[in-house]
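These values consider heavy atoms only, across backbone and side chains, with no hydrogens, waters or symmetry-generated copies. All values derive from a computational prediction rather than experimental measurement. Chain letters run A, B, ... following the sequence lines, proteins first and then strands; every chain starts at 1.
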There are 2 protein chains.
Amino acid sequence: MSREIRRTMPLLSMSIVMQLTELSARQIRYYEEHHLIEPHRTEGNRRMFSLNDVDTLLEVKDYLEQGMNMAKIKKIFAKKKNPVATTDEQDLSDSELRQIMREEMRQAQRMQKSSIRRGDLSRFY
Amino acid sequence: MSREIRRTMPLLSMSIVMQLTELSARQIRYYEEHHLIEPHRTEGNRRMFSLNDVDTLLEVKDYLEQGMNMAKIKKIFAKKKNPVATTDEQDLSDSELRQIMREEMRQAQRMQKSSIRRGDLSRFY
DNA sequence: CAACCATGTAAGGTTATCTAACATGGTTGG
DNA sequence: CCAACCATGTTAGATAACCTTACATGGTTG
């Protein structure tokens, strides 16, 4: 009889995620194309997102707004998944690493509290 | 920059709530008809439920399974909202009160942890 | 046993989402 | 400087998911 809402549960429809992240459907689908998220699908093929997906999207959005491109963002997420990725070619530059650390801090704060930035919540009242 | 997910945020579509509660759409709409919940509506008139709505629905479901009827359930929720309802007619019987207390305990436990019973979550893995 | 209660189900209509394709403005490397 | 690419917009056509309304139904119950 526990009742945790798992951050991996696919609870959210496209329109809600658009509101939570302030991204367009096109953007969200594009990021999925690049495997930054992999939302579940209903039987009828509709995307269903988890809170983790929303967090990832917010992180991607921040990176893009800081001028990063998809390629670098993908590297960052790859490195997160497998920190010992000695396999790949050139590493991330110093300034890039600084950007990432900065974003990591924000992300950590997000995680600590609960799930969505206040600015985004105001849309629901 | 807080990030709480409010229990009152209308995040969830009908199909997800059906899965979370194991109620049919008909049942959920019927309970809404009786004002036990009042989900938000999108511009296009789709219902959007909050986590609080889900909790209420689970509570209603428990009461019904215990053999209560809508009338009594409505009274319970009315009394919850306004405990000093000296206005209305006859009170709830002793056995009813015992049922309610029992359910209150469960509900309290639910609230304490997080949001959905484990049995319900398993459907999402 | 007539009436009601909670739910199922069907019909017909609308909205939200899907994929695929093409359009476009902003970089950027040669 | 411009050709190519990148991230995103937009459109079209299809369909899944949701809506309301209405009628059907089995289980209580006065």
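Side chain B/Arg46 to base D/dC19: no donor-acceptor pair is found below 3.5 Å.
In this structure, NE2 of A/His34 is placed 12 Å from C1' of D/dC5, rounded to the nearest angstrom. Put simply, CZ on B/Arg26 is 14 Å from P on D/dA24, counting in whole angstrom units. Between A/Met70 atom CE and D/dA7 atom C1' there is a gap of 7 Å when expressed in whole angstrom units. In this structure, A/Lys72 places its NZ atom 13 Å from C1' of C/dT27, rounding to the nearest Å. Distance A/Met14 CE to D/dC18 P: 15 Å, rounded to the nearest Å. We find that NE2 of B/His40 is positioned 18 Å from C1' of D/dC18, with the value rounded to whole Å. Regarding B/Lys61, its NZ atom lies at a distance of 15 Å from the C1' atom of C/dA6, rounded to whole Å. Between the CE atom of A/Met18 and the P atom of C/dC18 there is a distance of 10 Å, rounded to whole Å.
Between C/dT7 and B/Tyr31, a contact under 4.0 Å exists linking OP1 or OP2 to a side-chain N or O. For B/Arg41 and D/dT20, the shortest distance from a side-chain N or O to OP1 or OP2 is below 4.0 Å. Look at A/Ser13 and you won't find any side-chain N or O under 4.0 angstrom from OP1 or OP2 of C/dA16. Distances shown here put a side-chain N or O of A/Arg29 below 4.0 Å from the OP1 or OP2 atom of C/dC18. B/Tyr30 has no side-chain polar atom (N or O) that falls below the 4.0 Å cut-off from OP1 or OP2 of C/dT7.
Toward the 5′ end of DNA chain C lies the nearest nucleotide of B/Ser24, the other residue of the pair B/Ser24 and B/Gly44 mapping further downstream. With DNA chain C read from its 5' end, the first of the two nearest nucleotides for B/Thr42 and B/Leu64 is the one closest to B/Leu64.
D/dT29: Watson-Crick or G-U partner is C/dA2, with both key distances under 3.5 Å.
The main-chain N or O of B/Arg7 is found under 3.5 Å from a side-chain atom of B/Ser50 such that the two form a donor-acceptor pair. No side-chain donor-acceptor contact under 3.5 Å links A/Asp62 to the backbone of A/Glu65.
Of the candidates D/dG9, C/dG8, D/dC19, C/dG8 carries the atom nearest the B/Gln27 side chain, counting heavy atoms from C-beta on.
Between A/Met68 and A/Ile76 the shortest side-chain heavy-atom distance falls below 4.5 Å. Counting heavy atoms from C-beta outward, A/Gln27 and A/Lys61 have side chains that stay 4.5 Å or more apart.
Nucleic acid contact class of B/Arg47 (heavy atoms, under 4.0 Å, all strands): sugar-phosphate only.
In this structure, the separation between CZ on A/Phe77 and CD on A/Glu59 is 4.0 Å, given to the nearest 0.5 Å.
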